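Single-structure report; data block below.
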Amino acid sequence: MSVPLRFSDDQAVAWDRIADLLDGAGVDLLNAELRPDAQGGRGLLAVVGKAGSGKTMLLAQLTKALGEAGVETISGDYEGRRRKDRRTLAILAPTNKAASVLRGRGVPATTIHRILYTPVYDPEYEKIAEWLAGTGERPKVEGLTDVALDRAKAFYDQVKSIPGALAAAGLRGSDFIRGWKRREDPLDIGFVDEASMLDERQLDDLKEIFPTLVLFGDPAQLAPVGQSGEMVFDKLPEPRKVELHRIHRQAEDNPILDLAHALGDPALEFETFEQMVAEAARRDDRVIWAERVDSDMMARSPVLVWRNQTRIKLIQAFRTAHHAPPDDLLPGEPLLCDGIELPLKHRKKRIDLEAKGLIKGAQVIYLGPGSKPGFSRMHMVGAEDPRVSVASIIKIELPDEEEPFIPYAARMGAAFLHGAAVTVHKAQGSQWADVQVFAPDLFVAARTGRSEAGVPLWKRLAYVAITRAQLRLHWVVRNRLARPTRVLTIDDLPRGAAPLSLVAEAEPEI
């Protein structure tokens, strides 16, 4: 296959490097064909570049070329019988939100957890999955009409999702997924986006599954907590890395990216940068100089801050502005998963939660209480199957209080913090149409003089924060909150199938 003409020179170099790597795995991109007899060696390569350098475009074109060569993309929701002659590809992201950004650009991405763990299907409904995937005959299933099966087929023809198709037939996830198990069979090729968020343990897990692995990451982002400012691709030898330098023409004339790349100037001070933001706001409506935080926007796009105390104060101001009761949540309030609080004996339940997308950092919207005490109905932002009912421990942090207030608490389950404001670290991997950056916090970071990997911390924070904005950047300069102009609602959320109970409500001990 010829390299598309719209590639920049460094994208073409990266394409050739990856093509050489894939050739060793038995995939010939030049002739769009597979070599099933290839032995397949192990290979790891990192493609690094700042925002706008064309990493996502390259990933999308490679995915398309692999499909044309006959490589099977694994989505994480169902896999047919393994064949000796096939080659497999999985496109991965660390979070639901990051995966949904890729899916919005036509790349069939899933989360890392959905590849590490595979669903165990009920044998009766697995017949439907095999038929939809083209490896089995049309089944006859008790309780499902031909109309329901036709509806499932029509859905799958449009969207290659087995759970979505089964939901279209009137089934719930708890009907056809019996549980989850750690993946036993390796796959062939893995593409990992937002690789700056990976830690060493995740990389080791991925190397066990994928003999051929390509990481796509931004070296200017913040490193995972606990890794001394280093990202997993920083430790790779130079021959295993290829860097994209040129800002691709699709990103030209973008004031948000202009500001992001201005942060690379070692001599740039915070005050000068803020003047640049003000000038950009005067000439382009994609940059907005905001005198106060927009409380309406906080319901779906969190304010990005540096300090935890700022985060907690903004959340309390948001809840007060919406007249939220101190001992209850309103439907439509945003939450952030803070981890899974389950003892080791409930490892299966933890896998259930994580495999469906409730991992630390996942963004959710509160829909209302579940049918049992301690359960909550949630909408998982960016998930392909977003509606869940889950045993919840919801914590509302209060200013100047060490212990949070807990309006809802199961004995164990998924823990949540309020998500109207989040730290820049937690925002990595996510993007929103409009992003509010709380500039007073970045000013404080600049005054501390702290650095990370030799770069002033405020610059890393500013870079990550402003590159979360897809369309508009709101640079908030005052510690003020505008009153909401509309009530909180859940009417704007996509309506999927009936909520899936992730920690079964039939089990009273969870």
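Worth saying up front: this structure is predicted, and the values here are computed from it rather than measured.
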Query raised in the report: Just wondering, are more than 12 heavy atoms of other shown residues or ligands nearer than 6.0 Å to NZ in Lys313?
Result: no
Report task. Answer yes if the side chains of His418 and Glu333 hold a donor-acceptor pair under 3.5 Å, and no otherwise. Result -> yes
Report task. Go through the side-chain N and O atoms of Ser301 and Gln436 and say whether any donor and acceptor fall under 3.5 Å apart. Result -> no
Query raised in the report: Among Asp205, Asp204, Val192, whose side-chain contact (heavy atoms from CB on, under 4.5 Å) with Leu198 holds?
Result: Val192
Report summary line: When every non-hydrogen atom of Phe273 is compared with those of Leu259, the smallest separation belongs to CE1-O, 3.4 Å
Query raised in the report: Taking atom NE2 of His379 and atom CD of Gln363, what is their separation to the nearest 0.5 Å?
Result: 10.5 Å
Requested in this report: Examine distances only and state if a side-chain atom of Arg450 and a backbone atom of Pro456 form a donor-acceptor pair shorter than 3.5 Å.
Outcome: no
Query - Short side-chain to backbone donor-acceptor contact, Lys55 and Gly49, under 3.5 Å - result: yes
Requested in this report: Output yes when a side-chain donor or acceptor of Thr88 lies under 3.5 Å from a complementary backbone atom of Asp188, and no otherwise.
Outcome: yes
Report task. Output yes when a side-chain donor or acceptor of Tyr463 lies under 3.5 Å from a complementary backbone atom of Trp458, and no otherwise. Result -> no
Query raised in the report: Who are the side-chain contact (heavy atoms from CB on, under 4.5 Å) partners of Ala421, not counting sequence neighbours?
Result: Val303, Arg311, Leu314, Ile315
Report task. Mark yes or no for whether Lys395, through its side chain, and Ala415, through its backbone, hold a donor-acceptor pair below 3.5 Å. Result -> no
Requested in this report: Report yes or no: does Arg300 contribute a side-chain atom to a donor-acceptor pair with the main-chain N or O of Ile365 at less than 3.5 Å?
Outcome: no
Query raised in the report: Which residues pass the salt bridge (Lys or Arg N to Asp or Glu O under 4.0 Å) test with Asp434, sequence neighbours left out?
Result: Arg472
Report task. Sorted by first residue and then second, give each ring-ring contact (aromatic ring centres under 6.0 Å, His included) pair with at least one member in residues 183-204; sequence neighbours left out. Result -> Phe191-Phe216
Requested in this report: Indicate yes or no for a side-chain donor-acceptor contact from Gln202 to the backbone of Asp199 under 3.5 Å, with no hydrogens or angles considered.
Outcome: yes
Query raised in the report: Counting N and O atoms only, with roles assigned by atom type, does the side chain of Thr310 sit under 3.5 Å from a partner on the main chain of Asn308, one being a donor and the other an acceptor?
Result: no
Query - Contacts of type side-chain contact (heavy atoms from CB on, under 4.5 Å), residue Leu21, not counting sequence neighbours - result: Leu45, Thr212, Val214
Query raised in the report: Judged by atom type as modelled, is there a donor-acceptor pair below 3.5 Å linking the side chain of Thr489 to the main-chain atoms of Asp491?
Result: yes
**Report entry** Residues in side-chain contact (heavy atoms from CB on, under 4.5 Å) contact with Ala439, at least two apart in sequence or another chain
**Finding:** Glu274, Trp475
Report summary line: Residue set satisfying side chain to side chain donor-acceptor pair (under 3.5 Å) with Thr111, at least two apart, ordered chain then number -> none
Query raised in the report: Does the Asp10 side chain pair with the main chain of His245, one donor and one acceptor, at a distance under 3.5 Å?
Result: yes
Query - Check: Met298 and Leu481 side chains under 4.5 Å, non-hydrogen atoms - result: yes
Query raised in the report: Rounded to the nearest 0.5 Å, what separation is found between the CD atom of Gln11 and the CE atom of Met57?
Result: 5.0 Å
